[in-house]
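The next block holds one structure in the form of structure tokens; read it before the comments.
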Amino acid sequence: MTEQSFEGLTATPIRRLADHVGERVLVQGWLYNLRSKGKLHFLQVRDGTGIVQAVMSVADVAEADFEAVKAATQESSLRVIGTVKTDERAPGGVELTVSRAVIVHVAEPYPIAKKEHGPDFLLGNRHLWLRSKRQMAILRVRDSVIRAIREFFHDRGFHCVDSPMFTPSACEGTTTLFQLDYFDDSKAYLTQSGQLYGEASAMALGKIYVFGPVFRAEKSKTRRHLTEFWMVEPEAAFYDLDDVMVLAEEFVAHIVRHVLRENRSDLADLERDVTKLEPAAGTPYPRVTYDDAVRYLHEHGHADFRYGDDFGAPHETVLGDAHDRPVLVHRWPAEVKAFYMKRDPANPKLALGVDMIASEGYGELIGGAQREDDFGELEKRLVEHELPREAFEWFLDLRRYGSVPHGGFGLGLERTLAWICGVDHLRECIPFPRMLYRIYP
RNA sequence: UCCCCGAUAGCUCAGUCGGUAGAGCAGCUGACUGUUAAUCAGCGGGUCGCAAGUUCGAGUCUUGCUCGGGGAGCCA
């Protein structure tokens, strides 16, 4: 028994139909749309790999098949047997001349119409919204980006090391965490970053990356925020800030090249202007210091920006649009950056941190740094940031036992995906977005 | 937490000066052999977010609440 074949034919993915012109094939999927014209049905059938038009003439099929299709609603599931032929008039270049059609299940009236819908309705029906052309394209690109990520690190000798989701305390101290009960009277938190554990793992394997979901309980209500999102965090021993920046730009360029190669039709479905993406396939990316960036802001409409502050969304947009590819901003005022960043030996007021800012207003794709590797300095930072030392003893241990210069960064998967796909809201870049006041479905 | 906007049919919206509810899509019935969100004819479909107030009369005006959207802060 297998559901992969029917009447002696094995199902052919719609994406592969062009390789089977003239052959009799089986397509299994869902009815995306039906246009019925008397004795002729035009079925748009989707199977997850693509959409094909199947043409069904009353003269070629059993009357029962013809009537069954006539009664089929949008998103009804079905099996279609037909001959593949090229046709100028068909979207996609090939269509199916149907000889058999069997409805597997007649769908109830489908809530998502062939029309525009509002975000509240679509998010409430996210489980069905995923079936629309645009969402399927984003999901495919997401999978492609994830493959590119793993491929990039594997090829460079980085090992994937998972970090825990439950943590005993804040990784960076400042941001709000989701708190939960952890047996008896103890509390646990959902991790907001795997980085500290990544540092420990890098001291074992040399070059590692952490890849998994992270959680932020900030009450952010913007298109650039989710409460649960996926982050890739490489960490490498014997890396300084320059090594981190080279890794970051080659990493992002690799992802872009991979998607441009593998997902042309998805980008076309998304109506993404690929000429905006193509420059980012090449390295190097421009580098500016924080000081340079502030000067640029002062000269480009933000004369009131105060030196020493972190950049807000409007500032990131201006900086990101200054170049044809993402820009690396490095050497930040230490006060606005995390405790674990190493100070610049040339100017101890600066931290050896780097942000990668995308163009077109997509904001910060990457935040990274060379880490503080000196025991005494890190001890001081913990005090300055008023962090509980007990919680960081193990982290200090990494500076007790064979400390080395090291660094890494974190890349937000959904932000990267939004930028690549030209999607203006992160909620479309994860299958089931978790947002402020929204956790269904 | 703060600022702005919104809530009317299953969905997207219109609803004028305060006078008793409309369209398109979806659904149902029918017509049509090349449709591209097909078209055409017909049918059914309403707690106007909730509560109070003003008024002879409120979808419309006022207040409060709830829910949603966008943005700020914070971050990826």
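First the proteins, then the strands, lettered A, B, ... as listed; each starts at 1.
- Computed from coordinates, the A/I112 CD1 to B/G10 P distance equals 16 Å when rounded to whole Å.
- Judged by distance alone, with hydrogens and angles left aside, the side-chain atoms of A/T73 form a donor-acceptor pair with the main-chain N or O of A/A107 at under 3.5 Å.
- Under a 4.0 Å N-O distance rule, the pair A/D291/A/R295 does not qualify as a salt bridge.
- Backbone-only contact: A/G118 has heavy atoms under 4.0 Å from sugar-phosphate atoms and none from a base.
- A straight line from CD of A/E335 to P of B/C74 spans 14 Å, rounded to a whole angstrom.
- Side-chain proximity of A/K221 to B/G69, B/G34, B/C74: nearest is B/G69.
- One N or O donor and one acceptor, one from the side chain of A/H225 and one from the base of B/C75, sit under 3.5 Å apart.
- Taking atom CG on A/D120 and atom P on B/U8, their separation rounds to 10 Å, with Å as the unit.
- In A/K39, the NZ atom is not crowded: 12 or fewer heavy atoms of neighbouring residues, nucleotides or ligands sit closer than 6.0 Å.
- Rounded to a whole angstrom, the distance from the C1' atom of B/U12 to that of B/G53 is 32 Å.
- As judged by a 4.0 angstrom heavy-atom cut-off over every strand, A/H41 is placed among residues making no nucleic acid contact.
- A salt bridge is defined here as a Lys NZ or Arg NE, NH1 or NH2 lying under 4.0 Å from an Asp or Glu carboxylate O, and A/E384 with A/R343 meets this definition.
- Helical stems involving RNA chain B, defined as 3 or more consecutive Watson-Crick or G-U pairs under 3.5 Å, span B:1-7 with B:66-72, B:10-13 with B:22-25, B:27-31 with B:39-43, B:49-53 with B:61-65.
- For the P atom pair drawn from B/C75 and B/U62, the interatomic distance equals 40 Å after rounding to whole Å.
- The closest side-chain heavy-atom distance from A/R46 to A/M136 is below 4.5 Å.
- Residue contacts shown for A/L426 include a base, since a base heavy atom lies under 4.0 Å away.
- Checked against the 6.0 Å centroid threshold, A/W129 and A/F432 do not count as a close aromatic pair.
- Nucleotides B/C65 and B/A41 are separated by 47 Å at their C1' atoms, to the nearest Å.
- In terms of heavy-atom proximity, A/Y340 sits nearest to A/L378 at CA-CD1, 4.3 Å.
- Of the listed nucleotides (B/A72, B/A76, B/G34), B/A76 has the atom at the smallest distance from the side chain of A/E364.
- For the P atoms, the distance linking B/G57 with B/G22 amounts to 23 Å, nearest Å.
- If you take atom P in B/C61 and the same atom in B/C2, they sit 26 Å apart, rounded to whole Å.
- Toward the 5′ end of RNA chain B lies the nearest nucleotide of A/K219, the other residue of the pair A/T222 and A/K219 mapping further downstream.
- Distance CE (A/M435) to C1' (B/C67): 14 Å, rounded to an integer number of Å.
- Using C1' as the reference atom, B/C28 and B/C50 are 34 Å apart when rounded to the nearest Å.
- Side-chain atoms of A/R438 stay outside donor-acceptor range of the base of B/C67, with no qualifying N/O pair under 3.5 Å.
- Residue A/D310 is in sugar-phosphate contact alone, with no base atom involved, counting any heavy-atom pair closer than 4.0 Å across all strands shown.
- More than 12 non-hydrogen atoms from other residues, nucleotides or ligands lie less than 6.0 angstrom from NE2 of A/H20.
- For a distance-only test at 3.5 Å, the side chain of A/S220 qualifies as a donor-acceptor partner of the base of B/G73.
- In terms of heavy atoms, A/R224 sits closest to A/G361 at CD-O, 4.3 Å.
- If you take atom P in B/G44 and the same atom in B/U29, they sit 15 Å apart, rounded to whole Å.
- In this structure, the CG atom of A/L122 is 13 Å from the C1' atom of B/G69, given to the nearest Å.
- For B/A76, its base sits under 3.5 Å from the side chain of A/R216 at one donor and acceptor pair at least.
- Within residues 320-329 of chain A, no residue places a heavy atom under 4.0 Å from RNA chain B.
- Taking the ring centroids of A/F305 and A/H315, they lie under the 6.0 Å cut-off.
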Could I get a table of every N or O pair under 3.5 Å where one atom is in the protein and the other is in nucleotides 24-29 of chain B?
from: B/G24; atom 1: N2; to: A/K115; atom 2: NZ; distance (Å): 3.2

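- Between the side chains of A/H105 and A/S77, no donor-acceptor pair is found at a separation under 3.5 Å.
- Checking B/A31, B/G70, B/C11 against every side-chain atom of A/R223, the shortest atom distance belongs to B/G70.
- Environment of NE2 in A/H159: sparse, with no more than 12 heavy atoms of neighbouring residues, nucleotides or ligands closer than 6.0 Å.
- Not a single donor-acceptor pair under 3.5 Å links the side chain of A/S220 to the backbone N or O of A/T222.
- Mapped onto RNA chain B by nearest heavy atom, A/K337 and A/A59 fall at different nucleotides, with A/A59 at the one closer to the 5' end.
- Atoms CE (A/M356) and C1' (B/A76) sit 12 Å apart, rounded to a whole Å.
- Within 4.0 Å (heavy atoms only), A/F121 reaches sugar-phosphate atoms of the nucleic acid but no base atom.
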Which atom pairs link the protein and nucleotides 46-50 of chain B when you take only N or O atoms and keep those under 3.5 Å?
none

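- We find that CH2 of A/W419 is positioned 14 Å from C1' of B/A76, with the value rounded to whole Å.
- Residues that satisfy the ring pair (Phe, Tyr, Trp, His ring centres under 6.0 Å) test with A/H300, not counting sequence neighbours, are A/Y296.
- Among the protein residues, A/L413 comes within range of no part of the nucleic acid, since none of its heavy atoms lies under 4.0 Å from any strand.
- Among residues at least two apart or in separate chains, salt bridge (charged side-chain N to carboxylate O under 4.0 Å, His left out) pairs with a member in residues 427-441 of chain A are A/D120-A/R438, A/R134-A/E428.
- Taking the ring centroids of A/F152 and A/H254, they lie under the 6.0 Å cut-off.
- As judged by a 4.0 angstrom heavy-atom cut-off over every strand, A/S36 is placed among the base-contacting residues.
- Donor-acceptor pairing under 3.5 Å is lacking for the side chains of A/D60 and A/S99.
- OP1 or OP2 of B/G34 lies within a sub-4.0 Å distance of a side-chain N or O belonging to A/K37.
- For B/G70, the OP1/OP2 oxygens have no side-chain nitrogen or oxygen of A/R224 closer than 4.0 Å.
- The interatomic distance linking A/W332 (CH2) with B/A76 (P) rounds to 10 Å, in whole Å.
- Comparing the C1' positions of B/G27 and B/G70 gives an interatomic distance of 34 Å, to the nearest angstrom.
- The side chain of A/H425 contributes an N or O atom lying less than 4.0 Å from OP1 or OP2 of B/G70.
- Between A/R287 and A/E249 a salt bridge is recorded (basic side-chain N to carboxylate O distance below 4.0 Å).
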